[in-house]
S.K.: 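Structure below; questions to follow.
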Protein chains: 2
Amino acid sequence: MPGPDAVGKSGPHHPRRPTMVDVAREAGVALRTVSRVVNGDTTVGEDFAERVRSAVDRLGYQPDERARQLRSGRTGAIGAAVRHIADAHPVLRAIDETARAVGLTVVAMSTEDDEERERDAVMSMCRRRMDGIIIEPIAQDHHYLQPEIDAGLPVVAFDRPAAGLDVDTVLSDNRGGIAQAFAHLTAQGHRRIGYIGDDERIHTGRERATAFRDALSGIGGTLDGMVHPGPVEPARVAAALAALRDRPDPATALVTGNFNTTVAVIRALGADFGGIALVGFDDFGLADLLRPGVTVVAQGDEEIGRTAIELLSARRANRARPTRTVIVSTRLIPRGSGESAP
Amino acid sequence: MPGPDAVGKSGPHHPRRPTMVDVAREAGVALRTVSRVVNGDTTVGEDFAERVRSAVDRLGYQPDERARQLRSGRTGAIGAAVRHIADAHPVLRAIDETARAVGLTVVAMSTEDDEERERDAVMSMCRRRMDGIIIEPIAQDHHYLQPEIDAGLPVVAFDRPAAGLDVDTVLSDNRGGIAQAFAHLTAQGHRRIGYIGDDERIHTGRERATAFRDALSGIGGTLDGMVHPGPVEPARVAAALAALRDRPDPATALVTGNFNTTVAVIRALGADFGGIALVGFDDFGLADLLRPGVTVVAQGDEEIGRTAIELLSARRANRARPTRTVIVSTRLIPRGSGESAP
DNA sequence: ACTGGGCGAGACAACGTTATCCCACTGTCG
DNA sequence: CGACAGTGGGATAACGTTGTCTCGCCCAGT
């Protein structure tokens, strides 16, 4: 059709949504009065308010949040840059729920463990003028955020410190968690306990491996060949496992440093976990359904998320406040795999 | 009111971030020239461009996305309202990756299976003038979205149809998936096959239960007491399971209608799944680690997410296009639990 | 030397909202 | 009866950006 209809035009105009001006015209009041009604200002007479509300309904008017934010300066939303948005993420749930409770909207983006994607996600949040950013850091260097922080952006890191940045941080008690796991296994009589975990270039991997070494030294055990940090790949994990078992004094128990390692180890061990006692760092769904059930050190996900929002709110209230680092304790959950004697 | 020039005033002004005007002044060029440089317009001389870039760096300028969007009319972002943002969600991953590839940002929000939260999330997306919305519908009635659709908002539903709305939709082949599961079990020799699944008030629950009835009738089996739709609660599922086993001709095999039901059944069955053959609808992580491994009908998550973005893009290109519903086929993954004879 | 064209930079308005100021009307008190 | 405070609505100017138009400049062509 050669219609004169301008719908297909290239301009920025779609069929055009109604604006406050349209509502004002429809209701026969001033623009500012519509704004007042929409924002619940009580200084508007009931008759005027009703006229406006009726016009809003008739036109299907929805305020443009972008214009509102631009004018008012407030966003009412915080960004959350997490490692994998499509994976189960109990901390994100706590962040979302807590933020909701204080009237903030959470916009979540995924970094996929990629430095550039983290940067993209975070800068995109800055350009949207989020009221704050919660970040699960992956980059080795976060200096790119310093100008934003100087400009007043509240930032909170969780799970790992944001390298190169002095910001509020929420961490798990990695050392305490490893100590719990270790103590649990020694209480069953184990003395030859091995560790397989994440690369020590990663903060949590480093903390947990170090804590494990300390624990093993503490009972007079030899460190030699018992501690295996490295990339979490099935082949590397399987090789580490083989090294722990094929020795004169094979390990009778094992601590794994994170969820992915735990799973890789279980896959390599096969049925009944080859008779080895196992305690994994990080809880996970279905851990109770495996045979045996997997004993884990669980992180305080809910508390971590809640604390992150609290730190963010505190900083929004007082930008000059010194930064704080909160350590959230872990909890050992026995399910069977860590309760067998050597 | 004390000071005439109070710095800590309550106004919309934080320390104030630099704007294009500041950059223009710093660089000694016109406002519009800064805009051109920032947007990569090539009609700017290299010397001017360099002056601007240097000023941008000096001031730490970041464009305000809200103002840009307000002025240009484009948002460059689509909203995704999913059931549980903190749970593993392979479709969301596919949505995110596909959207990224075509230069769109995805803003994900959680509905938590709550009608009101879905409404809140979706309306919040509308107020932000998202370029499109992908929704995993939970509400029984989506008429509230009709005005937005009329105003030109592209909407795509996935997993379930959006009741009361004529929009593009991506669904799994629920009937085909059930048929696959059923055929797989009959091929092992099973004839007494039970079904436990979701409430039939839910679209997927209804489709799957119906397909199962058809399949069972198809081999001349009795429906009586073999099909158990209902709320996914451990007690209800356990009762259904007991009913299937405590009868003169107990079920030798079982099809479960969704992930949560599968898990509840496995918990109730205990070690070795009580010798019953099991095929679950929905794949899940660690399914291969259970003993036996869990045979499942997997949905085409990646294809569903990709298709959702494709339908959205197609509608953005042509608002008048008739709506389409795409059915994505399922795939049976044998892992052990469904491969035992009666 | 004058003109025409292309290129590149600037002035101005507009996007849809809220903040500020102002004014018209009412009711009350001196 | 006049002035004044209080109430409630309206006009206008921002917020930070981009679209449109204009204009100055330089070079080539006649």
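To find a chain, count down the sequence lines: A is the first, B the second, and so on, and within it residues start at 1.
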S.K.: Between B:R117 and B:D120, is the closest basic N to carboxylate O distance under 4.0 Å?
M.R.: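 Here B:D120 does not pair with B:R117 in a salt bridge, since their nearest N and O are not under 4.0 Å apart.
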S.K.: Set out, in order, the CA-CA distance, both residues' side-chain angles and the distance that settles salt bridge (charged side-chain N to carboxylate O under 4.0 Å, His left out) for A:R53 and A:E50, then state yes or no.
M.R.: CA-CA 5 Å; A:R53 278 192 293 266; A:E50 188 43 42; 3.3 Å; yes
S.K.: Taking only Lys NZ, Arg NE, NH1 and NH2, and the carboxylate oxygens of Asp or Glu, determine whether A:R51 and A:E26 approach each other closer than 4.0 Å.
M.R.: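 The answer is no: the pair does not qualify as a salt bridge.
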S.K.: Is there a donor on the side chain of A:R36 or the base of D:dG9 sitting less than 3.5 Å from an acceptor on the other?
M.R.: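 Yes, the side chain and the base share a sub-3.5 Å donor-acceptor pair.
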S.K.: Taking atom C1' of D:dT7 as reference, at what distance in whole Å does atom CG of A:D47 sit?
M.R.: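 Going from CG in A:D47 over to C1' in D:dT7 covers 13 Å.
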S.K.: Nearest to the side chain of B:T19 - C:dA9, D:dT18, D:dG16?
M.R.: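 The closest nucleotide is D:dG16.
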S.K.: Which listed nucleotide (C:dA9, D:dT17, C:dT18) is nearest to the side chain of B:V44?
M.R.: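 The answer is C:dA9, which lies nearest to the side chain.
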S.K.: Between B:G28 and B:R129, which residue's closest nucleotide on DNA chain C lies nearer the 5′ terminus?
M.R.: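 Between the two, 5'-proximity favours B:G28.
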S.K.: Roughly how many Å is it from CD in A:Q69 to C1' in D:dT17, rounded to a whole number?
M.R.: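 Distance check: A:Q69 CD to D:dT17 C1' gives 15 Å.
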S.K.: Tell me which nucleotide among D:dG9, C:dG16, C:dG8 gets nearest to the side chain of B:T43.
M.R.: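 Side chain of B:T43 sits closest to C:dG8.
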S.K.: Rounded to the nearest angstrom, tell me the gap between atom CD in B:E65 and atom C1' in D:dC15.
M.R.: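 Going from CD in B:E65 over to C1' in D:dC15 covers 16 Å.
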S.K.: Report the distance from atom CD of B:E310 to atom OG1 of B:T98, rounding to the nearest 0.5 Å.
M.R.: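 One finds 7.5 Å between CD of B:E310 and OG1 of B:T98.
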S.K.: Can A:R17 be said to sit on top of A:Y61's aromatic six-ring, NZ or CZ under 6.0 Å from centre and within 45° of the ring axis?
M.R.: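 Negative - A:R17 is either too far from the ring of A:Y61 or too far off its axis.
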S.K.: Using the C1' atoms of five pairs at each end, what's the angle between the two axes of the helix from C:dA1-D:dT30 to C:dG30-D:dC1, to 10 degrees?
M.R.: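 Between the first-five-pair axis and the last-five-pair axis there is 70°.
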S.K.: Under 4.0 Å between a side-chain nitrogen and a carboxylate oxygen: does that hold for B:R321 and B:D168?
M.R.: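 Counted as a salt bridge, because a side-chain N and a carboxylate O are separated by less than 4.0 Å.
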S.K.: B:L70 CG to C:dG16 P: how many Å, rounded?
M.R.: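 Taking atom P of C:dG16 as the reference, CG of B:L70 is at 7 Å.
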S.K.: Can you tell me if B:T33 touches the phosphate of C:dG10, counting only side-chain N or O atoms and a distance under 4.0 Å to OP1 or OP2?
M.R.: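 Yes, such a contact exists.
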S.K.: To the nearest Å, give me how far apart CG (B:D64) and C1' (C:dC15) are.
M.R.: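 Result: 13 Å.
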S.K.: Indicate, yes or no, whether a donor-acceptor pair under 3.5 Å links the base of C:dA19 to the side chain of A:R32.
M.R.: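 Pair found.
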S.K.: Check whether any side-chain N or O of A:S35 sits under 4.0 Å from OP1 or OP2 of C:dT18, and answer yes or no.
M.R.: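 So the side chain of A:S35 is within the cut-off, an N or O lying under 4.0 Å from OP1 or OP2 of C:dT18.
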S.K.: Nearest whole Å is fine: how far is C:dA9 P from B:E50 CD?
M.R.: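 Going from CD in B:E50 over to P in C:dA9 covers 14 Å.
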S.K.: Need one value for B:V38: base, sugar-phosphate or nothing, where a base atom within 4.0 Å counts as base even if backbone is also close, heavy atoms only.
M.R.: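 Here B:V38 touches no strand at all.
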S.K.: Checking only heavy atoms, does the side chain of B:R71 share a donor-acceptor pair with the base of D:dT18 at less than 3.5 Å?
M.R.: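 Side chain to base: pair present.
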S.K.: State whether B:E115 and B:R83 are salt-bridged, where the test is any N-O pair (Lys NZ or Arg NE/NH1/NH2 against Asp/Glu carboxylate O) under 4.0 Å.
M.R.: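 Answer for the salt bridge query: no.
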